[in-house]
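Just below is one structure, and these are the notes that go with it.
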Amino acid sequence: MDEQPEPAQTAGGGLDRRAELSEFLRTRRARLKPEDVGLPDFGRRRVPGLRREELAQLAGVSVAYYTRLEQGNGRNVSAEVLDAIARALRLSDAEHAHLMHLAKPKQHKKKPAARSQQVRPALRHLLDSIESVPAYIVGRRSDILAWNRMASALFGDWAEVPAQERNWARMVFLRPEYRELYLEWEQKASDMVGYLRMDAGCHPDDPRLSALVGELSVKSEDFRRLWAAHNVKEKSYGVKRMRHPLVGDLTLSFETFRLVDDGEQSLITYHAEPGTPSAEALRLLASWGADATRSGSRASAPSD
């Protein structure tokens, strides 16, 4: 079994931003081949991907300058140089933003460590009023902050989960029923790690995020493998295929709405295309309500 590196941490409990920058640039460079960027390939390479001097040439910077940056020394680097490196590495918009967060972090006012995110009462009322669509609110670290009855019917009764464990990453990697729920579990797991990576880039000094990453690295080999890839992703919209223990297979579209007054909270909704079996399955879940949650829990319980 290949050993995956442990997440680097600072003395204060956060993630080591310099180590994160170094590994991110190294893994992005490793995934490019010379032919991908129009360079000649002169035979076998000791390690996969572009050489540092090739990347520096593409970005229009000196090899020494790029080497310092890849070693985690992003001090005094300009936004223009980072843009050039992002173009040379063929970074996505999410990866470009992640690079900026790591290399030129913004100064944030320190918040009390124990302070938890709060959902406005009006948003809770809105969730309760959405009766036919699963909806929930997530915050930092993909913590689950609030949800409606349909979300419980689809995903399980989160009210029965201890508050400190209501986190999507913990659900996906540590609860077997979520491996059964998502037909493309590997993609869901990869997306989840990508979201955490984005969060880590924005908040490398968050001790709770660092503790979550450490816990999952210890308990889940899959998480260690995916975390070591340094892929990043912004949650936006898409399609998920699920297998519910009561209503069977569903194909659902999800949408993400970032809150204007708190960019660290998002409203997530799931819906089915009208007239499809998935729409009928959601209608059944809505009619069963809490009974669907309880019955679903029993149906998904492991047998002897």
Is there a donor-acceptor pair under 3.5 Å between the side chain of [X] and the backbone N or O of [Y]?
X: His98; Y: Ala94; result: no
X: Glu54; Y: Arg51; result: yes
X: Thr27; Y: Glu23; result: yes
X: Asp206; Y: His203; result: no

Flag the pair [X] / [Y] as yes when at least one side-chain heavy-atom distance between them is below 4.5 Å, and no otherwise.
X: Leu55; Y: Tyr66; result: yes
X: Glu186; Y: Leu226; result: yes
X: Asn167; Y: Leu212; result: yes
X: Leu267; Y: Leu123; result: no
X: Asp222; Y: Phe173; result: yes
X: Arg243; Y: Leu181; result: no

Enclosure of [X] [atom1] (heavy-atom neighbours >12, cutoff 6.0 Å):
X: Gln71; atom1: CD; result: yes
X: Arg179; atom1: CZ; result: yes
X: Asp93; atom1: CG; result: no
X: Phe257; atom1: CZ; result: yes

Any salt bridge linking [X] with [Y]? Criterion: basic side-chain nitrogen under 4.0 Å from a carboxylate oxygen.
X: Arg17; Y: Glu20; result: no
X: Arg140; Y: Asp199; result: yes
X: Arg141; Y: Asp143; result: yes
X: Glu95; Y: Arg197; result: no
X: Glu184; Y: Arg241; result: yes
X: Glu70; Y: Arg52; result: yes

Indicate the atoms forming the closest heavy-atom contact of [X] with [Y], along with that distance.
X: His101; Y: Gly201; value: CB-O, 3.2 Å
X: Ala279; Y: Pro274; value: CB-CA, 4.4 Å
X: Pro207; Y: Asp205; value: CD-O, 3.0 Å
X: Tyr182; Y: Met242; value: CE2-CE, 3.8 Å
X: Ala151; Y: Trp158; value: CB-CZ3, 4.3 Å
X: Trp227; Y: Ala200; value: CH2-CB, 4.3 Å

Can you tell me if [X] and [Y] form a side-chain donor-acceptor pair at under 3.5 Å?
X: Asp249; Y: His244; result: no
X: Ser152; Y: Trp147; result: yes
X: His271; Y: Glu255; result: no
X: Arg28; Y: Asn231; result: yes

What's the separation between atom [atom1] in [X] and atom [atom2] in [Y], rounded to the nearest 0.5 Å?
X: Ser217; Y: Arg225; atom1: OG; atom2: CZ; answer: 12.5 Å
X: Glu80; Y: Ile85; atom1: CD; atom2: CD1; answer: 12.0 Å
X: Leu282; Y: Tyr270; atom1: CG; atom2: OH; answer: 11.5 Å
X: Leu99; Y: Leu82; atom1: CG; atom2: CG; answer: 5.0 Å
X: Leu21; Y: Asn73; atom1: CG; atom2: CG; answer: 9.0 Å
X: Glu165; Y: Ile144; atom1: CD; atom2: CD1; answer: 11.0 Å

Going by atom type alone, with no hydrogens or angles, which donor-acceptor pairs under 3.5 Å involve a side-chain atom of residues 188-196 and a protein atom two or more places apart or on another chain?
| unit_1 | atom_1 | unit_2 | atom_2 | d |
| --- | --- | --- | --- | --- |
| Asp191 | OD1 | Gln187 | NE2 | 2.8 |
| Asp191 | OD1 | Lys233 | NZ | 2.9 |
| Asp191 | OD2 | Lys240 | NZ | 2.9 |

**Asked** Between Arg120 and Asp261, does a salt bridge (charged side-chain N to carboxylate O under 4.0 Å, His left out) hold up when you go through it step by step?
**Response** CA-CA 10 Å; Arg120 289 188 285 111; Asp261 62 331; 2.8 Å; yes

**Asked** Can you check side-chain contact (heavy atoms from CB on, under 4.5 Å) on Val138 and Leu145, steps first, answer last?
**Response** CA-CA 5 Å; Val138 293; Leu145 305 179; 5.9 Å; no

**Request:** Report the C-alpha distance between Leu58 and Leu50 in whole Å, list the side-chain angles of each, state the deciding distance to 0.1 Å, and finish with yes or no for side-chain contact (heavy atoms from CB on, under 4.5 Å).
**Result:** CA-CA 10 Å; Leu58 289 170; Leu50 296 179; 3.9 Å; yes

**By side chain to side chain contact (heavy atoms under 4.5 Å, CB included) - contacts of Val239 (at least two apart)** = Thr251, Ser253

Linked, directly or transitively: [X] and [Y] (ILVMFWY side chains, under 4.5 Å):
X: Val133; Y: Leu252; value: no
X: Leu259; Y: Phe254; value: no
X: Val61; Y: Leu91; value: yes
X: Val81; Y: Phe24; value: yes
X: Leu174; Y: Trp185; value: yes

**Criterion salt bridge (charged side-chain N to carboxylate O under 4.0 Å, His left out) on Glu234 and Arg258, from CA distance to verdict** = CA-CA 11 Å; Glu234 282 273 23; Arg258 195 176 297 275; 3.2 Å; yes

**Request:** In sequence, state the C-alpha distance, the side-chain angles, and the governing distance for Leu246 and Leu284, and then conclude on side-chain contact (heavy atoms from CB on, under 4.5 Å).
**Result:** CA-CA 10 Å; Leu246 284 181; Leu284 288 174; over 6 Å; no

**Request:** Could you please spell out the steps behind the salt bridge (charged side-chain N to carboxylate O under 4.0 Å, His left out) verdict for Glu215 and Arg170?
**Result:** CA-CA 9 Å; Glu215 176 190 357; Arg170 283 195 178 95; 2.8 Å; yes

**Request:** Take Asn148 and Tyr136, measure what side-chain contact (heavy atoms from CB on, under 4.5 Å) needs, and give me the verdict at the end.
**Result:** CA-CA 6 Å; Asn148 66 358; Tyr136 57 88; over 6 Å; no

**Message:** Is it the case that the ring center of Trp168 lies less than 6.0 angstrom away from the ring center of Phe155?
**Reply:** yes

